[in-house]
Amino acid sequence: MSQVATNGVIAGYEEHARTAIAKAVADLGLTPRGPIDLRPVPFAGTWGVASSISHALAGEAASAELAASGALEGLSKKEAKKLTSERARMLSVELAEKIAASLSASGAFASVDAANGYVNISFDANLVASGLVGEVLTRAQEYGAGAPRTERVMVEHSQPNTHKVFHVGHLRNSVLGVSVSRILTAAGYPVMEATYPGDIGMHVIKCLWCYERFHLGQEPADEQERGRWLGQVYTESDARLEYRKDLIGFLQTLIKDDPIFVESIDRLLKLLWREDADTEDIAYLLGRVSFGQELKDTEFRDDATIRKFWPIVGQQLRLELENEKPYVEVEGVDPPEMTPGERLDRWEELNQHIDWWPLVPGWREEIKQTFARWEAQEPALVARWQETREWSLNDFRRIFDELDAHFDVWFFESEVEEPGKEIVKELVASGLAEISDGLTVVKIDEKLGLTEPVYRTLPILRSDGTSLYSTKDLALTKRKFEEFGIDRAVWVVDVRQSLYFKQIFKILELWGFEQAKQAYHLPYEIVTLPEGIISSRKGRAPLYDDVKEAVLQRAREIIDEKNPELASDKKDDVAWQVGIGSIKYTMLARDNSKIVVFDLDEALSFDGHAAPYIQYAHARACRILENAEWDHAGAVDAANLGNLTLDFGEIQPEELALLQQISALPEEIQRSADQYRPLLIANYVYELAKTFNDFYHACPVIHSEEPVRSARLTLVDATRQALANGLWLLGIEAPNEM
RNA sequence: GCCCCAGUAGCUCAGUGGAUAGAGCAUUCGCCUUCUAAGCGAAGGGUCGUCAGUUCGAGUCUGACCUGGGGCACCA
């Protein structure tokens, strides 16, 4: 029974069943091709394991038998198949009966029967339940955890950029990273968690430029507000620098999907003519608009042209809105991107800053200079960077704390910039990298002798010698393995970076860095909004702090309604547990490969398949134990001494289902660790809550007679533990009352 | 053009080659004098994108195609 102690009670019984089936099969003179499959019996009212081994054996036998007898000759493929299939079904039923009979005769199982070609082995419920529940109570928080492993894993997640805001997109990453780390830990791996904030790069330069140039000293007095404020400065920097592109882009949209605008262009340009605009510019506009060709902001001779033209465009859009005709769909023609109302709004937005138009080229020049100052490590700029960076990091530390994300290592992009450049030098020296059109790249496919594009080409240094994201990741990967002695490194980064990571890992491998093979990119799909992609650049992102506030407020409202007697500070605790738990659960109860469309109304709905449902089941279990004045410590003692014996009397289907569900946790943990999928745990714990619900609706606990009462209370205790453990793996708290 | 991902109920999603494809939301109808109604029960709702193939057995594996999304030289 030592096997049972390490792998769990149920694993022991399963192993036992597997060996017995294998023996029964061998006694019949048959050899299964693969391992004996086992699964829970999929019917209510049973607890045990089923095998479809007789189907597999019968299939082979039927084919062989029919082929040998010549019965298939002259038949069409379809007919032959049908015949084989029918014969296999008959044989599998016979075989299952023989195997079941043999297992029954051995007397090793409570009951064995054959049904439909399956062999079903039922457990002696009271006996196995005592073992299982005893295991849950003695192992407590450790129940479900696997045997310790030696492979050391580093999980890097949570890579928000400083100088930008933390939004729900980052939230998915952190929540996923925390959960994957916990699941790997539970599966037995020693895990290191690492975060990697992007504290340098073009976004930082832009933000610093905008801060110095327009907002120096305007930062909020409250230090807690500064991170968010800085994010707004970043958004503004981008709006300024991209102003011309944005405006031209909008004109381009008008040309594409507003035929009335295009038809009116002659008249509009006549008006522009009267404004004394540059004639060549007018001709340029006329040509491009009437032929639907691409406009370029650099093609205008006079900066004043667009400023004169803009009010005219606005008048036209207003006119179109006033005379709006219902949109009629035409087959083969794409519907317009924007409604007339949206067009006017967008025009208005751009109009507010029309004076930016002539300034943009100068600003872009200033960005280059700021970048150069950074490269030269000008002390004043570096000091500014350190100060502002800290505002963002303050936010991140608080947010990670709130999310219960704890890191063993903090990597910063700024630390690996120089080491990265060193590696690039080596790569160039060794001939792996080359300089193509001034840009340092690795032509990976060429180096591998591939003719089809697979890895393509990766730039690893800008032509001006400044570092790229890739420059830094080369150094970081090396550092992870060499400095921290890990065996496997996992990057939790969204799916759009898949090719990029393939490239980085392959380059390191080509360079001769063996551990590159143990580097794994864990991709997950992005979070979008119902109206499209999240962009902190455009300032269109639900911020973590805002979503948190909304969700806490909603949770508090519901608590006030559902459980008004709860003490006020307790209400706050529960609101936090439920609110944060709900956000986390919606992120985790969707597979990594699925896009999450973030909708605040949905996030605020706590009904049905959501965290509170599971938390509620946990709270109910706690309350039952409390009302029964259940002696938890006594039960644990009994279990530790091996004295725990449960007597459910005539055991109910709901009790069996609950036992079966509790018993599945260890396997689910291993499976979700192997696949890096918290979803499996999210589903598991929901199913467990549901099964528990069924149980306590069907089976009175406190009001039942001994010994059933104690058996049920122990089962409730075990359920409470399994729910808490499952929620912990998701990073979600389990309230004792709510 | 090449590569990756998704396509299952009206919507959002589960589904480990195995028994009758399941949840939640939404809709309709029930259930609080019994351990918390954030709950429970019932009803309706499906050519599992299409077509071939592998298999005793395919929503699940393979191939082709269709639709949508993403990626592919100086963003991160």
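First the proteins, then the strands, lettered A, B, ... as listed; each starts at 1.
Neither side chain, A:D607 nor A:Y613, offers a donor N or O lying under 3.5 Å from an acceptor on the other. Checking A:E602 against A:S605 by side-chain atom types alone, no donor-acceptor pair falls below 3.5 Å. Between the side chains of A:S158 and A:T195, no donor-acceptor pair is found at a separation under 3.5 Å.
By the criterion of a centre-to-centre distance under 5.5 Å and near-parallel planes under 30°, the ring of A:Y118 forms a stack with the base of B:A19.
A syn base is found at B:C32: its glycosidic angle is within 90° of 0.
Note on A:A61: nothing from the nucleic acid sits closer than 4.0 angstrom, heavy atoms only. Among the atoms of the strands shown, only primed sugar atoms or phosphate atoms (P, OP1, OP2) are found under 4.0 Å from some heavy atom of A:Y686. Within 4.0 Å (heavy atoms only), A:G59 reaches at least one base atom of the nucleic acid. Residue contacts shown for A:I595 are limited to sugar-phosphate atoms, with no base heavy atom under 4.0 Å away. Residue-level contact check: A:D37 touches neither bases nor backbone, having no heavy atom under 4.0 Å from any strand. Contact annotation for A:R496: backbone-only contact, meaning every heavy-atom pair under 4.0 Å involves sugar-phosphate atoms and none involves a base. At a threshold of 4.0 angstrom between heavy atoms, the contacts of A:R677 are confined to the sugar-phosphate backbone, with no base atom among them. Heavy atoms of A:L468 sit under 4.0 angstrom from primed sugar atoms or phosphate atoms, though from no base atom. Among the atoms of the strands shown, none is found under 4.0 Å from any heavy atom of A:A610. As judged by a 4.0 angstrom heavy-atom cut-off over every strand, A:S463 is placed among the base-contacting residues.
To the nearest whole angstrom, the two C1' atoms, one in B:U54 and one in B:U47, are 22 Å apart. Of the C1' atoms belonging to B:A21 and B:U34, the separation is 37 Å, rounded to the nearest Å. Rounded to the nearest Å, the gap between the P atom of B:G18 and that of B:G57 is 14 Å. Only the C1' atoms considered, B:U60 is 10 Å distant from B:C48, to the nearest whole Å.
Which of B:C56, B:U16, B:G24 sits closest to the side chain of A:H609 comes down to B:G24. With B:G53, B:A76, B:G15 as the choices, the nucleotide that has an atom nearest any side-chain atom of A:K77 turns out to be B:G53. You'll find that the side chain of A:A88 is closest to B:C56, out of B:C56, B:G18, B:C35. Minimum atom distance to the side chain of A:V441 is reached by B:A73, of the listed B:G24, B:A73, B:A38.
Using a 4.0 Å cut-off, some side-chain N or O of A:R620 falls inside it from OP1 or OP2 of B:A37. Regarding contacts with the backbone of B:C74, every side-chain N or O of A:K368 stays at 4.0 angstrom or more from both OP1 and OP2.
Contact between A:D199 and A:S414 at its shortest, heavy atoms only, is OD2-OG, 2.5 Å.
For the pair A:R720 and A:D717, the salt-bridge criterion is met [side-chain N within less than 4.0 Å of a carboxylate O].
Shown here, B:U20 forms no base pair; nothing in the strands shown gives a Watson-Crick or G-U wobble contact with both key distances under 3.5 Å. Base pairing of B:G39 is made with B:C31, judged by Watson-Crick or G-U wobble geometry with both donor-acceptor distances under 3.5 Å. In this structure, B:A6 and B:U67 make a Watson-Crick or G-U wobble pair, each of the two defining distances being under 3.5 angstrom. Nucleotide B:G46 forms a pair with no other nucleotide shown, judged by Watson-Crick or G-U wobble geometry with both contacts under 3.5 Å. For B:C72, the paired base is B:G1 (Watson-Crick or G-U wobble, both distances below 3.5 Å).
No N or O donor and acceptor, one from the side chain of A:K594 and one from the base of B:U12, sit under 3.5 Å apart. Side-chain to base pairing of A:S52 with B:A19: no donor and acceptor N or O lie closer than 3.5 Å to each other. Between the side chain of A:S63 and the base of B:C56, no donor-acceptor pair of N or O atoms lies under 3.5 Å. Evaluation of atom-type donor-acceptor distances gives a pair under 3.5 Å for the side chain of A:R456 against the base of B:C2. No hydrogens or angles were tested; on distance alone, a donor-acceptor pair under 3.5 Å links the side chain of A:N120 to the base of B:A19.
Taking the six-membered ring for Trp and the full ring otherwise, the centers of A:Y686 and A:Y585 sit at least 6.0 Å from each other.
Judged by the 6.0 Å distance and 45° axis criteria, A:R389 is positioned over the aromatic ring of A:F412.
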